[in-house]
Protein chains: 2
Amino acid sequence: MDKPTITIYDVAREASVSMATVSRVVNGNPNVKPATRKKVLEVIDRLDYRPNAVARGLASKKTTTVGVIIPDVTNMFFSSLARGIDDVATMYKYNIILANSDENSQKEVQVLNTLLAKQVDGLIYMGHVITDEVRAEFSRSKTPIVLAGSIDPDEQVGSVNIDYVEAVKAATTQLIQDGNKQVALVTGSLKQPINGEFRLKGYKAALNEAGLAYDDSLVFETEYSYNAGLKTFKQLQKAGATAAVVGDDELAVGILDGALDAGVSVPDEFELITSNNTKLTEMTRPQITSIDQPLYDIGAVAMRLLTKMMNKEDIDAKTIMLGFDITKRHTTK
Amino acid sequence: MDKPTITIYDVAREASVSMATVSRVVNGNPNVKPATRKKVLEVIDRLDYRPNAVARGLASKKTTTVGVIIPDVTNMFFSSLARGIDDVATMYKYNIILANSDENSQKEVQVLNTLLAKQVDGLIYMGHVITDEVRAEFSRSKTPIVLAGSIDPDEQVGSVNIDYVEAVKAATTQLIQDGNKQVALVTGSLKQPINGEFRLKGYKAALNEAGLAYDDSLVFETEYSYNAGLKTFKQLQKAGATAAVVGDDELAVGILDGALDAGVSVPDEFELITSNNTKLTEMTRPQITSIDQPLYDIGAVAMRLLTKMMNKEDIDAKTIMLGFDITKRHTTK
DNA sequence: AAAATTCAGTAAAACGCTTGCATTGCTATT
DNA sequence: AATAGCAATGCAAGCGTTTTACTGAATTTT
């Protein structure tokens with residue numbers, strides 16, 4: 001009852017040519033006479049032959065599959081990247097194995113290993129932080145790797161980002177120019193380079209240029225969630241902040257709602273700029289001004305870079321910084 | 001310079017046993033003397049041997065990989081399902097190949113074929129509608145398939161859902177009990193069974209039970225987007241609706257904002273119940289009352305069902321309906 | 001017209017693993 | 001002591017491709 005799987009060999013026999021010839025027509029190798037090609041294609045069609053990619057992978061040592069490690073698909077920031085990755089992957093005939101890591105180093109290492117065991121041709125890693133264990137795995141393998149939306153302090157592997165220093169600097173400067181003397185910075189863990197290093201640096205640079213003193217009671221380290229935002233607003237108020245640059249959209253929505261709940265008028269009494277420009281920023285009232293990171297593009301460019309690496313093409317630069325904008329909405333004056 | 005890939009054969013030689021034995025210890029086959037096992041494991045460790053899953057796949061005809069077809073990862077509804085799927089998949093040692101389809105039948109067929117070529121052990125399909133072409137592909141292959149969050153009119157393949165008829169009925173009834181005589185239904189294309197068949201049925205049933213006449217000028221067919229919601233509110237107002245059951249959260253946020261923009265007070269002058277209970281519903285002011293579909297669970301259960309099918313276990317029921325709730329927030333009285 | 005080159009195609013060796021079957025020692029049974 | 005039974009291994013045949021040589025034939029060059 002099980003239909004016997006039909007193989008390249010069957011096609012060869014039916015078309016009375018060798019397997020090699022069938023393989024050539026399947027792979028578009030030009031070294032085959034049009035008449036033969038046609039004959040083979042007919043048989044393929046008649047037999048409903050479908051090449052077995054696993055066998056092909058074993059023989060050719062290529063799987064046309066790339067591994068993608070993502071903290072959580074459910075997070076818009078990452079799913080936007082993922083969408084860019086998948087679209088470009090499809091364009092170049094690759095498929096994606098998607099694995100959620102929850103930014104858990106142990107899971108990451110584990111998943112990395114199964115991905116490598118599955119012989120993926122390349123890897124894209126998303127996540128805010130790269131632990132030493134993960135870095136160790138990276139260097140242990142010679143599979144090309146690109147980081148999407150996270151910083152590579154070592155520049156060992158490829159990476160695609162925006163210039164977080166400049167982005168936060170621009171946002172902060174804008175808030176200062178609106179007349180705020182007490183601009184807060186609200187981010188995730190300062191242990192993550194993106195926050196503790198880059199964003200903080202941009203923030204300080206802006207203060208400095210404006211001749212304002214840095215005050216670390218205006219820097220808030222919190223979790224990226226709506227509820228954390230709600231709570232954070234109270235602290236912001238206590239600290240006397242009249243504006244904030246926020247590292248995550250959900251968090252920003254929480255802060256906004258915290259302000260509204262407290263009867264604080266936005267943007268008149270409190271201004272807000274967030275960082276990721278996800279759809280969320282348009283769904284609140286007032287809509288939230290945001291640094292516009294081209295998330296989809298970061299993913300797309302990362303995947304494109306990876307294709308080049310897998311192809312052993314020359315790479316101009318392993319680290320690519322995309323431009324950013326600030327999309328003005330209604331949480332700033 | 002390229003390290004030679006080290007194979008099971010190398011391990012066998014170094015441990016002076018046969019490949020078969022190494023294979024056995026790698027696969028946890030009990031038929032190995034503890035002493036031998038230990039020796040082999042040591043060599044594996046020393047040589048840093050990593051089994052090649054592609055070769056394994058070819059030999060065993062199992063890839064421990066399942067294909068997942070998703071309309072758009074960027075959509076919270078689907079990404080929630082996907083997260084459930086991935087978590088359960090991981091639990092059962094499967095990986096997921098994720099492919100975005102944009103609900104485009106042609107892409108779906110294409111992706112389905114490459115997935116099958118890659119010899120996935122099973123497939124999970126998400127999408128509101130199953131075109132004939134897709135259905136044809138489904139029946140052409142004997143790979144197990146489960147639909148997650150979409151209806152299978154034919155019951156040919158497995159599927160996991162909630163009871164949309166009852167859910168919409170409950171929501172509509174609630175709105176009627178709040179005193180609304182003009183309750184609207186706002187969904188996506190009525191051509192999709194979930195809308196034109198199930199939701200509409202539930203809606204009519206509720207009206208009927210309440211002794212209200214069905215009026216098709218209160219049924220709105222639109223796109224699932226924030227902007228569509230904004231526009232739709234105006235039509236709702238024109239039609240004299242004082243409440244609405246909405247099929248998508250982004251859409252609902254649009255309608256809510258449309259109401260607020262028009263100076264209509266929610267829920268006093270207009271009530272709203274949405275369908276997917278994504279995080280979005282908590283991020284608006286007022287927060288939106290929603291049918292609570294256990295999205296994560298639908299994904300998880302779908303994947304669990306698929307594992308059973310892949311394992312050729314007995315299945316109690318191919319079609320599974322999960323329970324739902326209505327989470328009351330502040331767009332209803 | 002002979003030699004060189006290109007074209008089409010063949011045969012068979014990988015690719016790295018699983019697995020059914022055969023084999024080898026042992027221990028337990030008679 | 002002979003035999004059966006079993007646990008532990010080894011052997012080798014696949015799995016379905018790609019790819020490397022290689023071979024004739026046809027075409028071009030000299």
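Since the model is a prediction, treat every value here as computed from it, not as a measurement. Just so it is clear: chains get the letters A, B, ... in the order the sequence lines come, proteins before strands, and each one is counted from 1.
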*Asks:* Taking any heavy-atom pair under 4.0 Å as a contact, classify A:Ser60: base, sugar-phosphate, or nothing.
*Replies:* sugar-phosphate
*Asks:* Among residues 25-48 of chain B, which contact DNA chain C at a heavy-atom distance under 4.0 Å?
*Replies:* B:Asn27
*Asks:* Could you state the atom-to-atom distance from NZ of A:Lys62 to P of D:dT18 in whole Å?
*Replies:* 12 Å
*Asks:* Side-chain N or O of A:Lys61 versus OP1/OP2 of C:dG16: is the shortest distance under 4.0 Å?
*Replies:* yes
*Asks:* Rounded to whole Å, please give me the gap between OH in B:Tyr49 and C1' in C:dC17.
*Replies:* 7 Å
*Asks:* State, to the nearest 10°, the angle formed by the axis through the first five base pairs of the helix from C:dA1-D:dT30 to C:dT30-D:dA1 and the axis through its last five.
*Replies:* 40°
*Asks:* Quickly work out the A:Asp10 CG to D:dG16 P distance and round it to whole Å.
*Replies:* 9 Å
*Asks:* State whether A:Thr7 places a side-chain N or O below 4.0 Å from either non-bridging phosphate oxygen (OP1 or OP2) of D:dC15.
*Replies:* no
*Asks:* Rounded to the nearest angstrom, tell me the gap between atom OH in A:Tyr9 and atom P in C:dA11.
*Replies:* 9 Å
*Asks:* Side chain of A:Arg56 only, heavy atoms from C-beta on: which candidate in C:dG16, C:dT18, D:dT17 is closest?
*Replies:* D:dT17
*Asks:* I'd like to check A:Ile130 versus A:Leu147 (side-chain heavy atoms, cut-off strictly below 4.5 Å). Are they in contact?
*Replies:* yes
*Asks:* Measure centre to centre between the rings of A:Phe77 and A:Tyr224, then say whether the value is under 6.0 Å.
*Replies:* no
*Asks:* Between D:dC15 atom C1' and A:Asn52 atom CG, what is the distance in whole Å?
*Replies:* 8 Å
*Asks:* Using nucleotides 10-14 of chain D, report all nitrogen or oxygen pairs with the protein that are shorter than 3.5 Å.
*Replies:*
| residue | atom | partner | partner atom | Å |
| --- | --- | --- | --- | --- |
| D:dG10 | OP1 | B:Ser18 | N | 3.4 |
| D:dG10 | OP2 | B:Ser18 | N | 2.4 |
| D:dG10 | OP2 | B:Ser18 | OG | 2.8 |
| D:dG10 | OP2 | B:Thr21 | OG1 | 2.7 |
| D:dG10 | O6 | B:Arg24 | NH2 | 2.5 |

*Asks:* Do you know which two heavy atoms are closest between B:Ala148 and B:Leu81, and how far apart they sit?
*Replies:* O-CD1, 3.9 Å
*Asks:* Here's a test for you: under side chain to side chain contact (heavy atoms under 4.5 Å, CB included), which of B:Thr21, B:Val22, B:Leu41 qualifies with B:Val11?
*Replies:* B:Val22
*Asks:* So, for A:Ile85 and A:Gly299, which heavy atoms are closest and what is the spacing to 0.1 Å?
*Replies:* CG1-O, 3.4 Å
*Asks:* Quick check: do A:Ile97 and A:Val68 have side-chain heavy atoms less than 4.5 Å from each other?
*Replies:* no
*Asks:* Using a 3.5 Å distance criterion without hydrogens, assess whether the side chain of B:Asp10 forms a donor-acceptor pair with backbone atoms of B:Thr7.
*Replies:* yes
*Asks:* Are A:Leu322 and A:Asn161 packed together at the side-chain level, in the sense that at least one heavy-atom pair is separated by less than 4.5 angstrom?
*Replies:* no
*Asks:* If the plane angle is over 60° it's perpendicular, under 30° parallel, otherwise tilted; pick one for B:His128 and B:Phe78.
*Replies:* tilted
*Asks:* If we ignore angles and hydrogens, is there a donor and acceptor under 3.5 Å between the side chains of A:Lys118 and B:Thr64?
*Replies:* yes
*Asks:* Tell me, do B:Leu115 and B:Ile69 make a side-chain contact under 4.5 Å, heavy atoms counted?
*Replies:* yes
